[in-house]
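Structure, as structure tokens:
Positions are given from 1 along the sequence. In listed order, ligands and their atoms are each counted from 1.
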Amino acid sequence: MDLKEKVEDIKQELEKFQVSSKDELEQFRIKFLGSKNVIKGLYAELKTVPNELKKDFGQLINGVKVAAENKYNSLKGGESGEKKSALGEDFDFSRPAKKVAVGSRHPLAIVRGEIIDIFKRIGFTVSEGPEIEDDWHNFSALNFPPEHPARDMQDTFFITKEDDENKEKEMALRTHTSSVQVRVMENSTPPIRTISPGRVYRNEAISARAHCFFHQVEGLYIDKDVSFADLKQTLLYFAQEMFGKETEIRLRPSYFPFTEPSAEVDVSCSICGGKGCNVCKYTGFLEILGCGMVDPNVLEAAGIDSKVYSGFAFGMGVERIAQLKYRVNDLRLYSENDIRFLNQFKGAK
Ligand code: DAH
């Protein structure tokens, strides 16, 4: 029998080989794949083949070897052993499942969602505006006169943008979400109750306490006869929903060009309950937002009659609220995407 016939024989034997038990499967393995398998014998005989035919024979034998491996794997039930095996053994349902890696929501997304929920419950809508903003919406309409030193309060990233007529236009990355209140007022008529969450940018050196971008939620309420008392009550409601029913708020007079009067709002420290600790620097209070009655100039700039309508506005930092909620003391952690940090918020609501 020449080598070609021998290869054919083994091939046929391989194809016909029936397996109906584990023992027979083992016999198959020993015969075709074991350390002294029949295919090895074929390779040994290659020596006797004339050189010019070696390549063809080699390929023929390789084909048998691959066929033997494939048949063995499929008889065994597939390489991974997860398919129902040809031996009739059922898949092992008690086998522990492979873990599916579940992601977690970003702490800022969690807090942003919570702020939105709280205000939605008292009738506020959600509005958004562009991050690349013009001078009018970020400054002028908000009562920042040109060259007014108040513009220095917020270190702005300026950029130039080509308009449709290829003219260069000076734009800014918005420094606060107050720009959105102007857009909302321009495009709707009171009563207005809206909050505007979004990212803002400032030209600051990045450190644990400052970042070149962060997130704010702006609030705006415009109607007839809106008073400072409405503002206080709205903010108290927010603080108690966010930090707990026993939370108190404190308003300190402040200055913003777009509100008059203006205030900064502190909440009683949820860590020490107002007694004083190192987080609140022994004051019992933590600053969380700025607010005030919308300046009549701002109403007029956005086309709202300030003799008929009044309103309040407020703006808060999402990172600040998240910091108080989760005790994150380094702002950089929010944008570093360190999985060890993010995984800590698994399951957080
Ligand atoms: N825009 C202010 C800031 O970024 C925050 C702010 C203060 C918003 C008072 C307001 C407000 O609407 O009334 O610091």
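Side-chain N or O atoms of K71 include one that pairs as donor or acceptor with a backbone N or O of E15 at under 3.5 Å. In this structure, the side chain of S262 engages the main chain of F256 through a donor-acceptor pair within 3.5 Å. Judged purely by atom type and a 3.5 angstrom limit, N203 has no side-chain atom pairing as donor or acceptor with the backbone of T156. Side chain of N138 to backbone of T175: a donor-acceptor contact under 3.5 angstrom is found.
With a 4.0 Å cut-off on non-hydrogen atoms, S178 touches ligand 1 through its side chain and not its backbone. With a 4.0 Å cut-off on non-hydrogen atoms, F258 touches ligand 1 through its side chain and not its backbone. Contacts with ligand 1 closer than 4.0 Å are made by side-chain heavy atoms of R202 only, the backbone lying farther away.
Distances shorter than 4.0 angstrom occur between a heavy atom of Q216 and an atom of ligand 1.
The residue from M293, E218, E260 that puts a heavy atom closest to atom 12 (O) of ligand 1 is E218.
Q216 and T177 form a side-chain donor-acceptor contact under 3.5 Å, judged by distance and modelled atom types alone.
Nearest heavy-atom pair, H211 versus S335, reported as atom, atom and distance to 0.1 Å: NE2-OG, 3.3 Å.
Near Q181, meaning under 4.0 Å from any of its heavy atoms, are these atoms of ligand 1: 12 (O). Less than 4.0 angstrom separates some heavy atom of G315 from each of these atoms of ligand 1: 6 (C), 8 (C), 10 (C), 12 (O). Remark: ligand 1 atoms within the under-4.0 Å shell around heavy atoms of G292 are 13 (O). Residue F256 approaches ligand 1 through these ligand atoms, each under 4.0 Å from one of its heavy atoms: 7 (C), 9 (C).
Classified by interplanar angle (parallel below 30°, tilted 30° to 60°, perpendicular above 60°), the ring pair F258/H176 is perpendicular.
Annotation: A313 places an N or O atom under 3.5 Å from an N or O atom of ligand 1; distance criterion only.
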